[in-house]
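Proteins come first, then strands; the chains are lettered A, B, ... in the order of their sequence lines, and each starts at number 1.
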Number of protein chains: 2
Amino acid sequence: MKFSARFEYALQALLYLKCEPDEAPVSGREMSEKLNLPYRFLEQILSDLKKRGVLRSIRGQHGGYKLNLEPEEISIFDIYEVTDGKFEPWDCSTAESGDRCGQNHNMCVVNIFYSDFKSTFKSLMKSYTLDKLCSAAMKLKTEAVNNKITHAPSS
Amino acid sequence: MKFSARFEYALQALLYLKCEPDEAPVSGREMSEKLNLPYRFLEQILSDLKKRGVLRSIRGQHGGYKLNLEPEEISIFDIYEVTDGKFEPWDCSTAESGDRCGQNHNMCVVNIFYSDFKSTFKSLMKSYTLDKLCSAAMKLKTEAVNNKITHAPSS
DNA sequence: CTTAATTCCTATTGGATTACTATTATATCA
DNA sequence: TGATATAATAGTAATCCAATAGGAATTAAG
């Protein structure tokens with residue numbers, strides 16, 4: 001029950017693009033250095049995000065990546081699906097997967113809990129957009145700055 | 001982002017104990033056969049549940065396991081913690097784990113989402129007790145039976 | 001006292017997945 | 001043409017998970 005590194009890295013990269021927007025596209029190299037993430041691995045993830053239409057890319061010198069959707073259109077759930085595939089936290093959670101536990105899918109007690117779990121998390125993840133997260137981040141930052149000023153040692 | 005087999009098996013075993021209660025303790029062997037779970041692996045899980053006080057065990061012939069708590073005292077979250085340990089879906093989710101992402105723990109944007117995710121997860125899982133799940137299971141069963149009677153072919 | 005049935009303890013294997021690396025190809029701009 | 005990018009794919013190393021294995025301790029029944 002852990003989020004994958006792929007997911008975490010994707011999230012960081014996208015936030016980097018949104019929170020520090022730039023006219024020019026941002027290269028994978030730059031992001032890997034600024035965020036301290038393994039370069040080639042990050043490239044794979046960025047490539048996946050591109051294939052799914054979250055990013056668009058410009059090749060060649062001065063190339064890089066840009067957001068392809070509005071930040072309020074990109075939810076954490078979308079990102080999750082790109083990096084980790086379908087959200088199926090349970091093996092026998094789909095009717096097709098057979099009845100290892102000997103019970104019919106709809107009869108399986110465990111699936112009572114599971115379907116609730118699944119829908120709760122979907123909606124939670126969908127409620128977080130890149131936009132919202134970035135605003136929250138900005139707020140954190142200014143609060144930190146104000147704190148520093150307020151509590152600055154008067155030496 | 002998947003539940004482990006340990007967790008799933010534990011859930012099934014506990015439901016078996018609750019839903020088909022018996023004066024006599026139930027052996028690991030019986031549960032593994034009835035639920036079609038690998039015997040020795042299940043024993044390990046049952047042993048963990050015992051160590052954490054969810055089950056109590058009787059050794060020797062005619063021994064086995066019994067619930068050590070009231071079914072309404074056992075939540076899915078408790079079971080999760082026994083089988084999977086602390087719920088930390090994020091690597092830098094604890095302040096101690098350092099700042100791989102270069103940000104202070106409280107400043108990390110990702111942790112904004114994370115802490116919300118974590119608390120939602122906890123409260124959802126705590127809201128499901130063994131008791132509730134078993135009632136739900138019983139309800140499913142009787143519904144299925146009624147359905148069969150109602151729709152029985154009148155041959 | 002012996003035997004069978006059970007929990008208990010610990011070690012290890014096999015397989016799958018994950019995180020990451022490497023290679024090569026292709027595109028773009030100066 | 002050369003430097004800097006992305007693109008696509010193959011490979012690897014490490015880790016984790018599920019399951020297996022062997023045997024010790026315990027208990028009840030015969």
(message) Tell me the interatomic distance from B:Phe41, atom CZ, to C:dC8, atom C1', rounded to whole angstroms.
(response) 17 Å
List, with names and distances, any nitrogen or oxygen atoms from the protein found under 3.5 Å away from nitrogen or oxygen atoms belonging to nucleotides 2-9 of chain D.
| unit_1 | atom_1 | unit_2 | atom_2 | d |
| --- | --- | --- | --- | --- |
| D:dT4 | O2 | A:Gln61 | N | 3.3 |
| D:dA5 | O4' | A:Gly60 | O | 3.1 |
| D:dT6 | OP1 | A:Gly28 | N | 2.8 |
| D:dT6 | OP2 | A:Glu43 | OE2 | 2.4 |
| D:dT6 | O3' | A:Ser57 | OG | 3.3 |
| D:dT6 | O2 | A:Arg59 | NH2 | 3.1 |
| D:dA7 | OP1 | A:Lys50 | NZ | 3.0 |
| D:dA7 | OP1 | A:Ser57 | OG | 2.8 |
| D:dA7 | OP2 | A:Tyr65 | OH | 3.4 |

(message) For D:dA18 and B:Tyr9 - does any side-chain N or O of the residue sit under 4.0 Å from the phosphate oxygens OP1/OP2?
(response) no
(request) Write out all pairs satisfying ring pair (Phe, Tyr, Trp, His ring centres under 6.0 Å) with one or both partners inside residues 58-81 of chain B, taking only residues at least two apart or from two chains. (result) B:Phe7-B:Tyr80, B:Tyr80-B:Phe87, B:Tyr80-B:Phe121
(message) Could you tell me how far apart B:Lys2 (NZ) and D:dC17 (P) are, to the nearest whole angstrom?
(response) 14 Å
(message) Salt bridge check, B:Arg29 against B:Glu43: does any charged N sit closer than 4.0 Å to a carboxylate O?
(response) no
(request) Not counting sequence neighbours, list each pair that qualifies as a ring pair (Phe, Tyr, Trp, His ring centres under 6.0 Å) and has a residue in residues 18-37 of chain A. (result) none
(message) Considering only residues two or more places apart or on different chains, which pairs with a residue in residues 10-48 of chain B satisfy ring pair (Phe, Tyr, Trp, His ring centres under 6.0 Å)?
(response) B:Tyr9-B:Phe41
(message) Does anything in residues 52-71 of chain B form a salt bridge (Lys or Arg N to Asp or Glu O under 4.0 Å)? List the pairs, not counting sequence neighbours.
(response) none
(request) Round to the nearest Å and state the distance from B:Met1 atom CE to D:dC17 atom P. (result) 14 Å
(message) What is the distance, to the nearest angstrom, from the CG atom on B:Leu42 to the P atom on C:dT6?
(response) 14 Å
(request) Measure the distance from CZ on B:Arg56 to P on D:dT27 and round it to the nearest whole Å. (result) 15 Å
(message) Expressed as a whole number of angstroms, how long is the span from A:Asp48:CG to C:dA19:C1'?
(response) 14 Å
(request) Only counting residues at least two apart or in another chain, list the ones meeting salt bridge (Lys or Arg N to Asp or Glu O under 4.0 Å) with B:Asp131. (result) B:Lys18
(request) Let me know the distance between CD of A:Glu8 and C1' of C:dT18, rounded to the nearest Å. (result) 14 Å
